[in-house]
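The structure appears right after this line, and notes come after that.
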Amino acid sequence: METAARRGALAVAAQAVARRLNADTSDYASPSLPCPRCGGPARYAGRHAKTFTTALGPLPLTRAYYPCAPCAQGFCPRDRALGVEGGSLSPAVTRMVGTAAALVSFAEASELLGALAGLPVPAKQVERTAEALGIETAEDERQQVVPAAAAEIAPTMYLGLDGTGVPMRKAEVDGRPGKQADGSSKTREVKLCTVWSAEGRDAEGVPVRDPGSVSYSAAIERAATRDTDATGSAFAQRVEREATRRGFERAPRQAVLGDGAPWIWNIAGEYFPEAIQIVDRFHAKAHLSDVAKVLYGAPSDLGDAWAKARHAELDAGQLHQIVAALAAQYRARRDPAKRAEVRKCIGYLWANRRRMRYPAFRAQGLCTSTAVVEAGCKVAIGTRLKRAGMHWTVRGANAIIALRCCKLSGRFEDFWERRAQRCVGS
Ligand SMILES: [Zn+2]
């Protein structure tokens with residue numbers, strides 16, 4: 001009864017809206033209008049019918065139609081006013097598609113829209129719509145850089161930088177060097193910037209991330225700035241925008257967290273020279289565990305015990321003891337691959353030693369690892385883009401990443417408000 005009544009009520013509402021819109025013929029303004037593509041005159045050719053998919057169900061509308069002969073394409077002024085130009089989904093349905101596709105796969109989003117809203121939107125249409133919407137949110141992110149209000153800036157602000165590989169379609173990685181046995185690559189690196197505060201403390205007094213304080217911005221794009229470049233790399237500019245929006249560089253105390261990757265510290269040093277640099281403890285430990293795997297093979301109790309001892313030394317800030325343990329390994333091993341791994345790890349510890357003063361950071365009440373950055377990669381990228389059978393184009397991945405970051409950062413509502421205003425304004 002419930003379901004049938006809902007369906008009936010929606011159908012009645014759809015009829016009422018269709019009647020009202022179809023009775024209003026004010027979208028016929030004059031016998032000829034300038035074509036939005038070429039600017040030439042497009043002559044009125046009667047009212048054309050089209051059925052749109054709306055939150056109320058199918059909505060048959062007739063609209064004034066102006067074909068342009070040179071462009072071999074026509075337009076309906078009402079479609080633009082209603083925000084349905086070039087498609088068949090209403091703004092409310094487009095928003096539902098965006099919400100679902102930001103969270104789950106296109107096929108699952110299609111299924112959810114059918115099951116929850118009774119809307120038939122095939123997976124292919126979900127994909128097309130979500131991708132177009134994602135490109136809009138990406139553009140919106142570049143345009144909307146309103147500096148944070150002073151009240152929104154915590155005494156200590158954190159900025160995390162990280163990269164994660166996303167599986168790509170073959171054509172998108174052809175000729176790119178990678179980690180496959182034959183030197184090819186199956187993935188492209190998504191670079192992620194996340195900003196948060198951690199004023200709260202847990203029972204042991206350790207800073208914990210403030211709920212709702214996390215924002216994300218990410219894309220597959222270049223992070224390194226060449227000496228000849230007049231502006232920063234695309235990713236460096238993204239980081240700057242996010243930092244401005246969150247008031248990161250205006251916070252009394254700033255910390256940049258990342259793994260050991262040089263591009264991270266290049267951006268941190270160049271754009272936020274005041275910020276304290278911290279190697280995310282989670283990453284540093286993962287790095288030592290990887291070394292243990294190379295030395296002892298995995299799984300191995302000996303290797304696990306070795307890694308555990310190094311993790312404890314890391315927490316205690318005893319980097320020299322870690323180096324001593326690595327040097328002992330170097331002397332004991334003959335395998336060149338294992339020796340190389342040990343040498344690399346010593347280099348990593350040396351290069352990042354000032355970023356691993358964990359006891360000092362703790363004493364200053366700084367957050368050194370809540371695995372926020374790593375979790376950010378999983379939440380913002382992994383759970384949506386790195387699922388079995390998924391293969392992306394750069395364009396498609398960047399669109400869905402933009403859509404997802406917009407949603408996860410609490411900017412989706414504002415985006416829709418601006419979008420609706422654009423329709424009204426045009
Ligand atoms: Zn034209």
Side-chain angles (χ1 to χ4, degrees), residues 14 17-98 101 106 110 119-144 171-172 219 234 393-400 402-403 406 414-426:
V17 171
R19 249 201 316 274
R20 215 185 102 190
L21 283 170
N22 288 334
D24 173 5
T25 55
S26 61
D27 55 333
Y28 168 77
S30 70
S32 153
L33 283 177
C35 164
R37 273 169 289 271
C38 68
R43 298 195 65 77
Y44 175 66
R47 301 190 73 76
H48 274 211
K50 181 172 174 180
T51 299
F52 293 90
T53 303
T54 75
L56 303 172
L59 198 75
L61 294 182
T62 59
R63 312 97 72 226
Y65 179 63
Y66 292 83
C68 170
C71 293
Q73 231 174 341
F75 66 97
C76 296
R78 174 152 296 163
D79 288 5
R80 200 179 319 158
L82 293 176
V84 292
E85 202 175 22
S88 63
L89 302 182
S90 75
V93 172
T94 304
R95 184 177 170 149
M96 287 185 199
V97 169
F106 302 126
S110 167
L119 296 173
V121 189
K124 258 287 156 214
Q125 194 177 12
V126 169
E127 179 172 352
R128 268 201 315 274
T129 306
E131 196 174 303
L133 203 55
I135 289 168
E136 271 186 59
T137 56
E139 184 56 30
D140 187 71
E141 185 275 320
R142 279 190 290 275
Q143 302 296 330
Q144 292 294 319
E172 299 277 320
T393 60
V394 171
R395 178 190 157 89
N398 275 344
I400 298 307
L403 190 62
C406 176
D414 293 346
F415 164 74
W416 281 98
E417 247 163 61
R418 285 192 286 275
R419 193 178 194 262
Q421 256 151 29
R422 271 203 305 278
C423 284
V424 173
S426 65

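Worth knowing before you read on, the calculation uses all heavy atoms, side chains too, and leaves out hydrogens, waters and symmetry mates. Both ligands and their constituent atoms are indexed starting at 1 by order of listing.
Ser30 meets the side-chain hydrogen bond (donor to acceptor under 3.5 Å, both in side chains) test with no other residue; sequence neighbours excluded.
Around CZ of Arg395, the count of heavy atoms belonging to other residues, nucleotides or ligands within 6.0 Å does not exceed 12.
Looking at Arg128 and Glu131, no side-chain N of the basic residue comes within less than 4.0 Å of a carboxylate O on the acidic one, giving no salt bridge. The existence of a salt bridge linking Asp24 and Arg78 is confirmed by a sub-4.0 Å separation between a basic side-chain nitrogen and an acidic carboxylate oxygen.
Residues Gly87 and Lys50 approach most closely at O-NZ, 3.0 Å, considering heavy atoms.
At a cut-off of 3.5 Å, with distance as the only test, a side-chain donor of Ser88 or Gln125 sits close to an acceptor on the other residue.
Within the sub-2.8 Å shell of the Zn ion (ligand 1), the protein contributes these N/O/S atoms: Cys35 SG, Cys38 SG, Cys68 SG, Cys71 SG.
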